[in-house]
Student: 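Submitted below is the structure of interest, expressed as structure tokens.
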Amino acid sequence: MAFSLRAASVADYPVYAGLFPELAVPDPVLTAADFGARMVPSMVVLDGEERGIGYAYWQAYGATTHVVHVVVDSRARGRGAGAALLAEVRRRAVAARSTRWYLNLKQDNAAAVRLYERTGFAVEQEGWALRTRWQDLAALAGGADGVSAETSDPADDTGVGARFDLAAERIAQLRARPGEVLVSLRRGGAVVAFAGFAPGFSGVFPVRVSSPDLARPLFDALRPHATRDDLHVFVEGDRVLHDALRACGATLEHATYRMSADLL
């Protein structure tokens, strides 16, 4: 099948809204306004015999490119569509002087794992998308002794990023989203935990704790902003935190791999 690639426009909202469910993740479909502001500047659309049979969306954090979505209509899979999208993202990332790229995908998506391995990606860490309830988090061990919670200050982004393996640019992008809540915990003047919370989706990401006993006070600091009883939590690379949440009754929505590669 012959493919053609083009930059996305706001008119491609139906393409995004129609294909996004193929990812089978709990994240909400963006509104048309959010799509235009957040995705269109870093999105390409793949056309085949029909228009809009796939799309890719990425974000740049300094010299790193995060491939957020690569989605292909189920009727067009197995024909090189995913590889074409990925090659275009790579071309644009290199042109923007990125030196590394990464993505997250479900561990049970064997076909995608093979595609990315052929492209040079390797597994870097595991992640877990969990669903739980605020009241269940009260069973987490730990407490707030010597810990203070505060709204995360933009001046701390570089330090928080270095402490918790987060790009400062990514933290800044999260802060710019309407309604996003960013909270830090301090102990002895140092930031020891950090989380982002989207109340509308009731989603917590990222979540970072320097020790397991800090999870409970971190979630306690987020809870006053909640508008729902349940919440989604995405944990990256922290098996101890994953196990603690599961022990409190959190259910696993899906497990992920973070795969990355150099762009040379």
Student: Y61 and A167: which non-hydrogen atoms are nearest, and at how many Å?
Tutor: CB-CB, 3.5 Å
Student: Using atom types as modelled and distance alone, determine if a side-chain donor or acceptor of Y257 lies under 3.5 Å from a backbone N or O of L103.
Tutor: no
Student: Going by distance alone, is a donor N or O of one side chain under 3.5 Å from an acceptor N or O of the other, for T65 and R100?
Tutor: no
Student: Is the shortest heavy-atom distance from the side chain of R175 to the side chain of S152 under 4.5 Å?
Tutor: yes
Student: Determine whether L185 and V191 make a side-chain contact, defined as any pair of heavy atoms from C-beta on separated by less than 4.5 Å.
Tutor: no
Student: How far apart are the C-alpha atoms of L46 and Y55, what are their side-chain angles, what is the distance that settles it, and do they pass the side-chain contact (heavy atoms from CB on, under 4.5 Å) test?
Tutor: CA-CA 6 Å; L46 187 75; Y55 77 86; over 6 Å; no
Student: Does any part of the side chain of L174, heavy atoms only, come nearer than 4.5 Å to the side chain of P206, both counted from C-beta?
Tutor: yes
Student: Where do V25 and H254 come nearest, in terms of heavy atoms and distance?
Tutor: CG1-CE1, 4.0 Å
Student: Take atom CG in D262; do more than 12 heavy atoms of anything else shown fall under 6.0 Å from it?
Tutor: yes
Student: Is there a path of hydrophobic side-chain contacts, each under 4.5 Å between heavy atoms of I/L/V/M/F/W/Y residues, joining V123 to V235?
Tutor: no
Student: Is the shortest side-chain heavy-atom distance between R6 and V44 below 4.5 Å?
Tutor: no
Student: Spell out, as yes or no, whether a donor-acceptor pair under 3.5 Å connects the side chain of D156 to the backbone of G159.
Tutor: no
Student: Scan F35, W58, Y57 and name whichever one has a ring-ring contact (aromatic ring centres under 6.0 Å, His included) with H69.
Tutor: Y57
Student: As an exercise, state the distance from CE of M259 to CD of E124, rounded to the nearest 0.5 Å.
Tutor: 10.5 Å
Student: Indicate, with yes or no, if V15 and V29 share a hydrophobic cluster defined by side-chain heavy-atom contacts under 4.5 Å among Ile, Leu, Val, Met, Phe, Trp and Tyr.
Tutor: yes
Student: Of the non-hydrogen atoms in A221 and A149, which two are nearest, and what is the gap between them?
Tutor: CB-CB, 3.7 Å
Student: Counting distance only, does the side-chain N/O of Y16 pair as donor-acceptor with the main-chain N or O of V10 below 3.5 Å?
Tutor: no
Student: Hey, quick one: are I171 and V207 part of the same hydrophobic cluster, counting side-chain heavy atoms closer than 4.5 Å, chains of contacts allowed?
Tutor: no
Student: Report the distance from atom CD of Q59 to atom CE of M43, rounding to the nearest 0.5 Å.
Tutor: 12.5 Å
Student: Nearest 0.5 Å, please: how far is OH in Y13 from CG in D34?
Tutor: 9.0 Å
Student: Pair R187, D145 - check salt bridge (Lys or Arg N to Asp or Glu O under 4.0 Å), show working.
Tutor: CA-CA 9 Å; R187 177 181 280 161; D145 293 345; over 6 Å; no
Student: Using modelled atom types and a 3.5 Å cut-off, is there a donor and acceptor pairing between side-chain atoms of E236 and backbone atoms of G127?
Tutor: no
Student: Among residues at least two apart in sequence or on other chains, which ones pass salt bridge (Lys or Arg N to Asp or Glu O under 4.0 Å) with R163?
Tutor: none
Student: Rounded to the nearest 0.5 Å, how far does CZ of R223 lie from CG of D220?
Tutor: 8.0 Å
Student: Find out whether I53 and V72 are in side-chain contact, i.e. whether some heavy atom of one side chain is under 4.5 Å from a heavy atom of the other.
Tutor: no
Student: Determine whether L19 and M39 fall in the same hydrophobic cluster, where Ile, Leu, Val, Met, Phe, Trp and Tyr are linked whenever their side-chain heavy atoms lie under 4.5 Å apart.
Tutor: yes
Student: If you define the side chain from C-beta out and look only at heavy atoms, does anything of W101 sit under 4.5 Å from L86?
Tutor: yes
Student: Which pair of heavy atoms, one from D12 and one from A8, lies closest together, and at what distance?
Tutor: OD2-CA, 3.4 Å
Student: What's the separation between atom CD in E253 and atom OG1 in T251, rounded to the nearest 0.5 Å?
Tutor: 6.0 Å
Student: Under a 4.0 Å N-O cut-off, is there an ion pair linking R228 with D230?
Tutor: yes
Student: If every non-hydrogen atom of L241 is compared with every non-hydrogen atom of A215, which pair is closest and at what distance?
Tutor: CD1-CB, 3.8 Å
Student: I'd like to know whether D47 forms a side-chain contact (heavy atoms from CB on, under 4.5 Å) with V45, so could you lay out the CA-CA distance, the side-chain angles of the two residues, the decisive distance to 0.1 Å, and finally the verdict.
Tutor: CA-CA 7 Å; D47 295 327; V45 177; 3.9 Å; yes
Student: Rounded to the nearest 0.5 Å, how far does CG of L231 lie from CZ of R131?
Tutor: 9.0 Å
Student: Is V89 linked to Y116 within one hydrophobic cluster, defined over Ile, Leu, Val, Met, Phe, Trp and Tyr using a side-chain heavy-atom separation of less than 4.5 Å?
Tutor: yes
Student: Before giving the answer on salt bridge (Lys or Arg N to Asp or Glu O under 4.0 Å), spell out for E88 and R91 the whole-Å C-alpha distance, their side-chain angles and the decisive distance to 0.1 Å.
Tutor: CA-CA 5 Å; E88 180 64 9; R91 185 187 70 79; 2.8 Å; yes
Student: I'd like to check L23 versus V71 (side-chain heavy atoms, cut-off strictly below 4.5 Å). Are they in contact?
Tutor: yes
Student: E150 vs S184, test: side chain to side chain donor-acceptor pair (under 3.5 Å). Steps then yes/no.
Tutor: CA-CA 6 Å; E150 61 185 34; S184 297; 5.2 Å; no
Student: Applying ring-ring contact (aromatic ring centres under 6.0 Å, His included), which residue pairs with at least one partner in residues 152-207 are found, sequence neighbours left out?
Tutor: W134-F197, F201-H232, F205-F234
Student: Any Lys/Arg nitrogen of R133 or D136 sitting under 4.0 Å from an Asp/Glu carboxylate oxygen of the other?
Tutor: yes
Student: Does R216 reach the main-chain N or O of A138 with its side chain, forming a donor-acceptor pair under 3.5 Å?
Tutor: yes
Student: Taking V192's backbone N and O only, do any of them form a donor-acceptor pair with S210's side chain (distance below 3.5 Å, no angle check)?
Tutor: yes
Student: Walk me through whether L137 and T132 qualify under side-chain contact (heavy atoms from CB on, under 4.5 Å).
Tutor: CA-CA 8 Å; L137 297 177; T132 186; 4.1 Å; yes
Student: Might you work through the side-chain contact (heavy atoms from CB on, under 4.5 Å) test for W128 and T256, ending with a clear yes or no?
Tutor: CA-CA 6 Å; W128 304 272; T256 67; over 6 Å; no
Student: Please confirm whether the backbone N or O of A11 pairs with a side-chain atom of S9, one donor and one acceptor, at under 3.5 Å?
Tutor: yes
Student: Check whether any side-chain heavy atom of L245 lies under 4.5 Å from a side-chain heavy atom of L130, and answer yes or no.
Tutor: yes
Student: State which residues pass side-chain hydrogen bond (donor to acceptor under 3.5 Å, both in side chains) with R239; sequence neighbours excluded, sorted by chain then number.
Tutor: E126
Student: Looking only at non-hydrogen atoms, find the nearest pair between G54 and L85 and report the distance.
Tutor: C-CD1, 4.2 Å
Student: Closer than 4.0 angstrom, basic N to acidic O: yes or no for R170 and D157?
Tutor: no
